[in-house]
Amino acid sequence: MMSFWRTQSIGLAIAIAAVGVLAGPAASQGVPQSLTMDSAAAAALARRPPRDRPDTIKAFPLRKLGEGVYAVLGDTGRGSEGRSNAGFVVTPGGIVVIDALASPAQGEALLRTIRTVSRLPVRWLILTHHHPDHHFGAIVFKRAGAKVIAHPDRRTLASEDGDDAMVSAWTGVLGLREMQGFAFADTPDIPIARDTTLVLGGRTLAIQVPGGAHTPGDLVIWVPDARVVFAGDLLIEDGVAMVVDGSSSGLLAGLDRIEALHPAQAMPGHGRIPTDPIELIHETRCTMLALREAMRRDVQQGVSMSRALASLPPADRDRPVSRNSRVRRNAVRVYAEMEQELVHSSGVADAMKDSVAMVRCRH
Ligand SMILES: [Zn+2]
């Protein structure tokens, strides 16, 4: 194989030791059980007319983001509810795919899409995180000979009742036909729990581990020669990244790292590719800072969680990742984080840091 891991031997040894530390905060803390049905996010997909279904379409829309770097476009204008984005990088040594979409049928359509550009073997599949809409098509790539690169921490709210329950919930919304041939393939062949560099065919991809931002198992992929970043669900087209499985401070830190790359193009996990990546990063950060400020104030003033939530629009019934639902679920999470902050010694420093960052949001 033409690839090698510059930091593998040291990196992986430390990674294994550090998994517990990097796992992030308890995912379900303070979040009502009824809000954990992430799988229902795909309900809208299941309701599509048959001609739009991935088992009947030849290829997904593509956009070239740089030399040999492609975005496979999901739905736009639907926030987290639509089909997610994926991508791939072509190198002389083979192809690296980023995310595998939501089902074997979607994975097959993604592979057909890649084949419209290159016949080279797919060497690696990198998963940005362990939500089903990003990895339930992974088995297709595994069967095609790819090795899976992912964070070893697979925990999410969607999986807390066990893998079988997650699959049956997901099958319920996507339909058996799309899920035919499904098997889990998100357990990494190469677990990445700290920043790692992948080199394939002379091309470098930097894999960042932001650490508990959108989920405990996030990876951000940076292609330096094309200045393209694949942000996973740290970025969503409408600026509301969900932190229910991760943490708001983790998200803010992750966004800072993405911004520091000065990307020419940033691929969000869902929706339209922004014309100006910095603008979407800024909007996502400011949305989260405003929520943290509001929840911090309420916690400090002894306002109960239900009263704190009263000013927000209600969550949409049966749409757990609609914009309103995301905002409200984030608020529950952030309120709990602010309660922790209140009793934590670094709380004052965290609040100061937020208010400094907020200055940029008021311009
Ligand atoms: Zn996600």
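What you see is a predicted model, and the numbers here were worked out from it, not measured in a lab. We count ligands from 1, going down the list as the structure has it; atoms in each ligand are counted the same way.
A salt bridge does not link R323 with D316: none of the charged nitrogens is closer than 4.0 Å to a carboxylate oxygen.
For D133, every N, O or S atom stays at 2.8 Å or more from the Zn ion (ligand 1). Among the atoms of H134, none of the N, O or S atoms falls under 2.8 Å from the Zn ion (ligand 1).
With rounding to the nearest 0.5 Å, the separation of CG in L235 from NE2 in H214 is 11.0 Å.
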Practice prompt. Start with the C-alpha distance between D350 and R296, add both sets of side-chain angles, then the distance that settles salt bridge (charged side-chain N to carboxylate O under 4.0 Å, His left out), and finish with yes or no.
Written response: CA-CA 11 Å; D350 290 344; R296 180 182 286 119; over 6 Å; no

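In terms of distance to the Zn ion (ligand 1), the nearest N, O or S atom of D233 is named OD2.
Rounding to 10 degrees gives 90° for the angle at the Zn ion (ligand 1) between ND1 of H131 and NE2 of H129.
Residues D245 and H131 bring a donor and an acceptor atom of their side chains to less than 3.5 Å of each other.
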